[in-house]
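Below, each value reflects all heavy atoms present in this structure, side chains not excepted, and no hydrogens, waters or symmetry copies. Residue numbers start at 1 and run along the sequence shown.
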Amino acid sequence: MLKKLQTYLLFGNTFCGIEHNNKQTVEAVLLQKKSNEIIIKDSFVTTTVEEIAEKLPKKQHVFLVLNNDDVLSKFVQSTEKESNRLLFEAFPNLKINDFYYEIDSQGSFHNIAICRKSIVDKLIASYKIQQITIIGFSLGNTMTSFVNDFIEESNYYTSNALLTQENEAITEIQLIENPPNKTHTINGLEVKSSQLLSFSGVLSHILQSKTTVSNFEEKETELVTNFKQQRFFSQFSMFGLGFVLFLLLINFFVFNSYYSTVEEMKQTAAVNSNQKEKLLTLKTLVEQKQKTVDDILKKSSSKSSYYIDAIATSLPNTLQLSALKYQPLTKRIKKNNPIQLKKEELIISGISTDSDLFSDWIQKIESLDWVVAVTVADYGAVSKNNSEFTLKIELSDE
């Protein structure tokens with residue numbers, strides 16, 4: 001919980017990915033994190049950094065993908081695993097100290113991209129002038145490895161390339177001038193191929209996962225450190241003002257509490273028979289409500305047992321359940337606040353080893369009389385044969 005709070009205070013809940021491509025355009029996508037869900041908040045295309053600054057939220061942090069003519073890319077097949085040797089194999093006589101490089105290796109296939117440090121640093125500085133902080137960056141099409149497992153097509157496009165994959169590994173990349181702008185479904189999100197790299201980059205930052213090898217890890221660490229310092233001073237100023245107001249508020253409540261206590265003691269001394277009758281009336285009302293709540297809980301327990309038995313009966317051997325929540329909480333339980341439930345809803349999570357039987361099982365559940373709708377909230381591979389899933393089942397209120 002503390003780590004989530006720290007992440008929210010540092011980065012907020014809105015994340016941005018930007019790609020500079022060889023069409024002299026800038027593709028941007030805004031993602032928003034809500035609880036454990038990520039949604040596409042907005043996307044747009046511009047031609048300059050200044051136009052980007054006008055469209056982004058103030059002081060927005062950005063993951064940058066540089067994929068224009070300033071970036072040189074080569075796709076090689078080699079059994080070599082050492083980064084420098086791969087780099088010299090693709091670009092002989094390269095002065096490494098003058099370039100940033102990034103390598104995405106998938107078995108014996110390697111996607112290598114390089115760009116002069118001065119070009120990348122100048123672009124980052126231009127964003128800083130517009131009060132946009134770059135917190136990470138990537139070169140060429142290397143970020144596709146992060147979403148490759150979510151794309152079922154054997155051939156798919158980015159803003160400047162056609163990629164071919166076999167056995168969940170990219171085996172060929174062809175650079176093309178005008179690729180078609182298709183739409184890919186990535187874990188339930190509709191992403192245009194022209195924005196696939198910016199989406200992949202910002203998603204890797206949100207999940208704090210990067211599969212490529214580069215020589216600019218220290219540069220990215222420096223960018224994040226500078227961002228944290230700026231964010232700290234900004235948050236500290238707001239916190240200081242808020243703390244002073246909080247102390248004043250506490251002082252008010254303490255004074256008000258003592259004043260209220262004195263008033264209550266005066267009123268208690270003047271209690272009469274009418275007040276006693278009101279208390280008895282309230283007690284009767286509370287008992288009635290308590291009985292109503294008990295009846296509801298008994299009914300809910302009966303229903304939940306019925307639903308669980310029906311689901312367990314239909315469960316194939318290829319599915320293993322890890323969680324089942326009936327009428328899940330919509331908000332965390334807080335003292336003195338009413339408990340809020342998502343009525344008539346059932347959430348099931350688990351692991352599937354057969355996608356066909358998983359689909360058949362969903363159809364069986366949908367055919368049940370007490371099921372209104374079944375939604376696949378999450379479905380993703382965790383290994384070669386296993387996939388995690390989460391279903392939301394809307395129940396009939398009858």
Side-chain angles (χ1 to χ4, degrees), residues 2-21 25-68 100 102 115 117 119-139 142-143 146-147 159 186 189 191 195-212 214 216-239:
L2 181 59
K3 185 176 181 181
K4 289 184 178 179
L5 179 60
Q6 290 175 340
T7 302
Y8 174 77
L9 291 176
L10 181 60
F11 296 107
N13 62 355
T14 301
F15 301 80
C16 179
I18 292 177
E19 178 195 0
H20 286 249
N21 58 39
T25 58
V26 182
E27 297 275 354
V29 59
L30 278 171
L31 302 184
Q32 190 172 53
K33 189 176 181 182
K34 294 183 176 180
S35 298
N36 294 323
E37 182 182 8
I38 296 175
I39 64 172
I40 297 178
K41 183 180 180 181
D42 196 7
S43 63
F44 44 83
V45 182
T46 66
T47 57
T48 66
V49 174
E50 290 75 15
E51 291 177 352
I52 283 286
E54 293 176 358
K55 294 179 177 292
L56 289 180
K58 190 177 180 181
K59 298 182 179 180
Q60 175 65 47
H61 51 83
V62 166
F63 187 94
L64 177 66
V65 178
L66 191 58
N67 189 33
N68 55 19
Y100 288 128
E102 188 169 16
C115 185
K117 292 181 178 180
I119 293 176
V120 178
D121 294 341
K122 183 179 179 181
L123 182 59
I124 292 175
S126 67
Y127 275 98
K128 185 176 181 180
I129 293 174
Q130 301 299 323
Q131 295 187 337
I132 298 175
T133 304
I134 303 299
I135 55 175
F137 62 92
S138 179
L139 304 176
T142 55
M143 272 290 105
F146 195 75
V147 295
S159 62
I186 299 177
L189 298 178
V191 182
Q195 296 174 338
L196 191 61
L197 291 176
S198 55
F199 174 85
S200 302
V202 68
L203 188 62
S204 72
H205 170 68
I206 294 174
L207 301 179
Q208 293 295 294
S209 175
K210 200 172 183 181
T211 58
T212 59
S214 68
F216 48 81
E217 287 89 353
E218 291 185 3
K219 179 65 177 179
E220 289 188 307
T221 300
E222 177 187 341
L223 292 173
V224 174
T225 300
N226 292 337
F227 173 74
K228 287 181 178 179
Q229 291 175 350
Q230 295 174 8
R231 189 76 169 180
F232 172 78
F233 286 115
S234 175
Q235 294 287 346
F236 182 79
S237 299
M238 295 177 61
F239 175 78

Please list, chain by chain and in numerical order, all residues satisfying side chain to side chain contact (heavy atoms under 4.5 Å, CB included) with [X], sequence neighbours excluded.
{"X": "I119", "value": "L66, D70, C115, R116"}
{"X": "K58", "value": "Q131"}
{"X": "Q32", "value": "N13, T14, K34, I39, K41"}

Report yes if some heavy atom in the side chain of [X] is under 4.5 Å from a heavy atom in the side chain of [Y]; otherwise report no.
{"X": "I40", "Y": "V191", "answer": "yes"}
{"X": "F15", "Y": "L30", "answer": "no"}
{"X": "I124", "Y": "L223", "answer": "yes"}
{"X": "I52", "Y": "V62", "answer": "no"}
{"X": "F146", "Y": "I186", "answer": "no"}
{"X": "F199", "Y": "L189", "answer": "yes"}

*Heavy-atom closest contact (M143 atom, S200 atom, distance)*: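 That closest heavy-atom pairing would be O-CB, 3.5 Å.
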
*Over all heavy atoms of both residues, which pair between I18 and C16 is shortest? Give the atoms and the distance, please.*
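What the structure gives for the nearest pair is CG1-SG, 3.8 Å.
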
*Kindly indicate, with the supporting measurements, whether the criterion side chain to side chain contact (heavy atoms under 4.5 Å, CB included) is fulfilled by F63 and S138.*
CA-CA 8 Å; F63 187 94; S138 179; 3.9 Å; yes

*asked:* Would you say NZ of K55 has more than 12 non-hydrogen atoms from neighbouring residues, nucleotides or ligands within 6.0 angstrom?
replied: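 No.
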
*asked:* Donor-acceptor pair, distance only, cut-off 3.5 Å: does the side chain of E51 make one with the backbone of T47?
replied: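 Side chain of E51 to backbone of T47, a donor-acceptor pair under 3.5 Å: yes, one is there.
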
Identify, with sequence neighbours excluded, every residue that meets side-chain hydrogen bond (donor to acceptor under 3.5 Å, both in side chains) alongside [X].
{"X": "E217", "result": "S214"}
{"X": "T46", "result": "none"}
{"X": "N226", "result": "none"}
{"X": "T225", "result": "none"}

*asked:* Let me confirm one number: the CG-CG distance from N68 to L139, rounded to the nearest 0.5 Å.
replied: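 Result: 10.0 Å between the selected atoms.
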
_Quick one, L31 with I38, criterion side chain to side chain contact (heavy atoms under 4.5 Å, CB included). Give me CA distance, side-chain angles, the key distance, then yes/no._
CA-CA 7 Å; L31 302 184; I38 296 175; 4.1 Å; yes

_Checking D42 now: which residues fulfil salt bridge (Lys or Arg N to Asp or Glu O under 4.0 Å) with it, not counting sequence neighbours?_
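Partners of D42 under the salt bridge (Lys or Arg N to Asp or Glu O under 4.0 Å) test: none.
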
*Please name all residues satisfying salt bridge (Lys or Arg N to Asp or Glu O under 4.0 Å) with K210, sequence neighbours left out, ordered by chain then number.*
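Testing K210 for salt bridge (Lys or Arg N to Asp or Glu O under 4.0 Å), a comparison that skips the adjacent residues, returns E102, E220.
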
*Applying ring pair (Phe, Tyr, Trp, His ring centres under 6.0 Å), name anything that partners Y127, two or more places apart in sequence or on another chain.*
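Here the qualifying residues are H20.
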
*For F137, all residues meeting ring pair (Phe, Tyr, Trp, His ring centres under 6.0 Å), sequence neighbours excluded*: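 With sequence neighbours excluded, F137 shows a ring pair (Phe, Tyr, Trp, His ring centres under 6.0 Å) to Y100, F216, given in chain and number order.
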
*Among L64, V29, N67, V45, side chain to side chain contact (heavy atoms under 4.5 Å, CB included) partner for E19*: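 Of the listed options, the one satisfying the test is N67.
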
_Derivation and outcome, side chain to side chain contact (heavy atoms under 4.5 Å, CB included), residues E27 and S159_ = CA-CA 9 Å; E27 297 275 354; S159 62; 5.6 Å; no

*Which residue pairs pass the salt bridge (charged side-chain N to carboxylate O under 4.0 Å, His left out) test with at least one member in residues 119-134, sequence neighbours excluded?*
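Only D121-K219 qualify under salt bridge (charged side-chain N to carboxylate O under 4.0 Å, His left out).
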
